[in-house]
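Being a predicted model, the structure only gives us computed values, none of them experimental.
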Amino acid sequence: MTDTQGGLRGWAAGRKGSLTRLRFTSLRLRLVVVFGLVALTAAVSASGIAYWLNREAVLTRAQDAVLRDFRQEMQNRAGALPAHPTQDELQRTAGQMASSSQSFSVLLVGQDAHGKTVYGNSGGINGFSLEDVPTSLRTAVNRQQKVSGVNKQPYHLYWQRVVDHGTPYLVAGTRVIGGGPTGYMAKTLEPEAKDLDSLAWSLGIATGLALIGAALLAQAAATTVLKPVHRLGVAARRLGEGKLDTRLRVSGTDELADLSRTFNNAAAALEKRVADMAARDEASRRFVADMSHELRTPLTAITAVTEVLEEELDSEAGGIDPMIEPAVRLVVSETRRLNNLVENLMEVTRFDAGTARLVLDDVDVADQITACIDARAWLDAVELDADRGIHARLDPRRLDVILANLIGNALKHGGSPVRVSVREDSDSVVIRVRDHGPGIPEEVLPHVFDRFYKASASRPRSEGSGLGLSIAMENAHIHGGAITAANSPEGGAVFTLRLPRDASLLTEDPAENGGGNGGDAPAKEGS
């Protein structure tokens with residue numbers, strides 16, 4: 001079974017490698033095809049022109065030699081015949097004419113003394129006869145031309161190329177000037193046709209070789225051009241993976257070398273920009289963390305004083321002058337607000353620095369929600385629809401922070417009653433917090449989880465800091481979950497928290513966390 005699985009994995013890896021090579025060589029194939037088409041077009045054009053020129057030259061040379069010999073034989077031998085020759089005379093003269101150096105077949109046609117048409121045949125080409133001569137050629141040969149200053153003779157030599165049973169022939173005819181027989185000649189052009197076929201095969205082979213050479217040249221050119229492009233693609237992928245020290249080796253002075261230099265310059269500028277941004281970001285986080293820690297010491301003392309003042313305000317003895325009581329209450333509320341803001345800033349700093357850790361435990365979700373509501377005295381304003389026994393492995397403190405922010409935000413900005421419901425999926429727990437208020441404006445929905453975002457810019461001194469929902473979202477993310485906000489069709493806003501049943505499958509081993517849970521004070525205000 002193991003060998004079979006290994007074979008399947010090897011086959012799949014081979015298939016993947018083949019597909020990768022196909023993708024890589026797509027441009028290579030296009031280059032080869034373009035080079036091949038150009039070479040094929042050029043070779044076919046050159047071969048066609050060469051074949052046509054050579055064909056005309058070969059046929060014209062053979063034709064001129066045959067016609068010249070035939071004309072000479074007609075003048076010397078047929079011209080020596082009487083005006084009314086006998087058939088024997090025509091037969092003998094035709095045989096003598098056919099024995100010339102060009103070895104053509106001859107047919108002589110004349111009239112004897114009695115006005116009867118007689119024929120003389122050299123006996124070649126299966127008995128060359130008048131029926132083998134095209135009608136158009138016979139008509140042209142027997143047509144008498146008007147004698148003029150330009151045209152000196154009434155009859156001319158005419159020729160025509162014909163194909164008989166796949167074999168090409170040259171057929172010509174003329175009449176003896178001054179009276180005498182009419183002569184026809186037939187000469188096979190098969191040797192010339194074989195020469196032209198050999199030439200066509202040679203040109204075809206040359207075209208094939210040119211195509212192969214063009215493909216090899218295209219392959220070499222594609223390799224030369226695409227190798228730097230491939231290196232550039234690999235470097236770009238490495239750069240996209242965050243390896244900002246990636247550089248290309250530059251050689252030469254061509255356009256690809258200029259492209260490599262440009263890439264190196266861009267990568268260097270990007271690396272410097274990212275380093276500067278990371279340094280500024282680190283400095284900003286350090287500043288916020290240091291500021292928060294520095295504020296905690298005086299805030300601890302101020303908080304102790306405000307607690308004493310608050311006890312004096314609530315005492316029946318009336319230890320606070322009524323004239324300054326409003327100012328004291330303002331100091332108490334603003335001190336509490338400042339303390340919560342500092343705690344939230346420290347929590348945000350932990351998330352940004354990546355030091356926030358989970359301390360996981362098996363919790364009953366319904367009990368956890370009940371404890372959160374009871375600790376903040378929200379029992380009269382919140383309806384809970386959750387069955388006991390829905391367990392999940394989560395960080396109880398961070399779950400309390402999430403629930404406190406979502407429920408507190410619904411009570412503060414929505415409308416009572418706030419309904420909290422819990423349901424479980426196969427691998428997750430879904431908690432919905434719904435209020436009965438006016439809902440969230442559409443333009444606000446995309447920003448409800450942004451830091452320091454407040455729906456009303458005209459109320460910058462509202463109790464919330466604008467960090468509560470952002471911290472809730474970060475705590476959901478560290479569990480491997482998420483929070484979504486929407487408006488219910490029946491009215492009011494709905495926040496849906498989805499957390500995995502076992503966050504340990506998505507986070508580090510709790511034993512390695514060492515209990516580093518980052519700040520202990522939950523963020524109780526909404527955004």
Side-chain angles (χ1 to χ4, degrees), residues 36-78 90-109 119-141 156-174 182-216:
L37 289 177
V38 171
L40 183 62
T41 302
V44 168
S45 300
S47 299
I49 294 173
Y51 179 79
W52 181 79
L53 293 176
N54 281 275
R55 178 179 181 277
E56 289 301 315
V58 169
L59 293 178
T60 300
R61 183 170 59 251
Q63 173 183 294
D64 290 346
V66 172
L67 294 178
R68 184 170 56 252
D69 197 11
F70 176 63
R71 181 184 290 108
Q72 189 68 31
E73 290 294 327
M74 285 294 294
Q75 290 177 357
N76 295 337
R77 297 187 183 276
L90 291 178
Q91 189 74 27
R92 184 174 56 256
T93 302
Q96 293 172 351
M97 294 175 63
S99 62
S100 67
S101 60
Q102 295 298 328
S103 300
F104 44 71
S105 298
V106 178
L107 172 65
L108 296 178
V109 182
Y119 301 92
N121 193 318
S122 62
I125 318 178
N126 297 325
F128 181 46
S129 64
L130 196 61
E131 287 74 16
D132 297 324
V133 180
T135 304
S136 58
L137 180 62
R138 295 201 304 266
T139 302
V141 169
H156 297 275
L157 174 65
Y158 293 92
W159 59 270
Q160 186 174 346
R161 294 174 191 166
V162 297
V163 178
D164 184 19
H165 298 91
T167 303
Y169 292 94
L170 175 66
V171 180
T174 186
T182 301
Y184 295 99
M185 175 275 300
K187 166 69 174 177
T188 179
L189 297 177
E190 188 172 5
E192 287 76 12
K194 290 181 179 179
D195 292 341
L196 292 175
D197 289 342
S198 299
L199 176 62
W201 274 105
S202 300
L203 293 176
I205 294 173
T207 300
L209 294 176
L211 186 59
I212 295 174
L216 295 177

| query | About how many Å separate CG of L107 and CD of E131, when rounded to the nearest 0.5 Å? | reply |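 With rounding to 0.5 Å, CD (E131) is 9.0 Å from CG (L107).
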
| query | In Å and rounded to the nearest 0.5 Å, what is the CG to CZ distance from N54 to R61? | reply |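 Those atoms lie 8.5 Å apart.
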
Donor-acceptor pairs under 3.5 angstrom involving side-chain atoms of residues 194-205: please list them, not counting sequence neighbours.
from : atom 1 : to   : atom 2 : distance (Å)
S198 : OG     : K194 : O      : 3.1
S202 : OG     : S198 : O      : 2.9

[X] and [Y]: which non-hydrogen atoms are nearest, and at how many Å?
X: P134; Y: V162; result: CG-CG1, 3.8 Å
X: L130; Y: R138; result: O-NH1, 3.0 Å
X: L137; Y: V133; result: CD2-CG1, 3.8 Å
X: Q91; Y: Y119; result: OE1-O, 4.0 Å
X: S122; Y: A98; result: CB-CB, 3.5 Å
X: T60; Y: R161; result: N-NH2, 4.3 Å

Measuring only between side-chain heavy atoms, which start at C-beta, is [X] closer than 4.5 Å to [Y]?
X: D132; Y: Y169; result: no
X: W159; Y: M185; result: no
X: T174; Y: R71; result: no
X: M74; Y: L108; result: yes

| task | Give a yes or no answer on whether the side chain of D69 reaches the backbone of V66 with a donor-acceptor pair at less than 3.5 Å. | result |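 Not at all, since once roles are kept as given, no pair shorter than 3.5 Å links the two residues.
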
| message | Has S99 got a side-chain atom pairing as donor or acceptor with Q96's backbone, closer than 3.5 angstrom? | response |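 Side chain of S99 to backbone of Q96: a pair is present.
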
| request: For R77, check salt bridge (charged side-chain N to carboxylate O under 4.0 Å, His left out) against everything at least two apart and list the hits. | output: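 If we apply the salt bridge (charged side-chain N to carboxylate O under 4.0 Å, His left out) test to R77, skipping adjacent residues, the hits are E73.
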
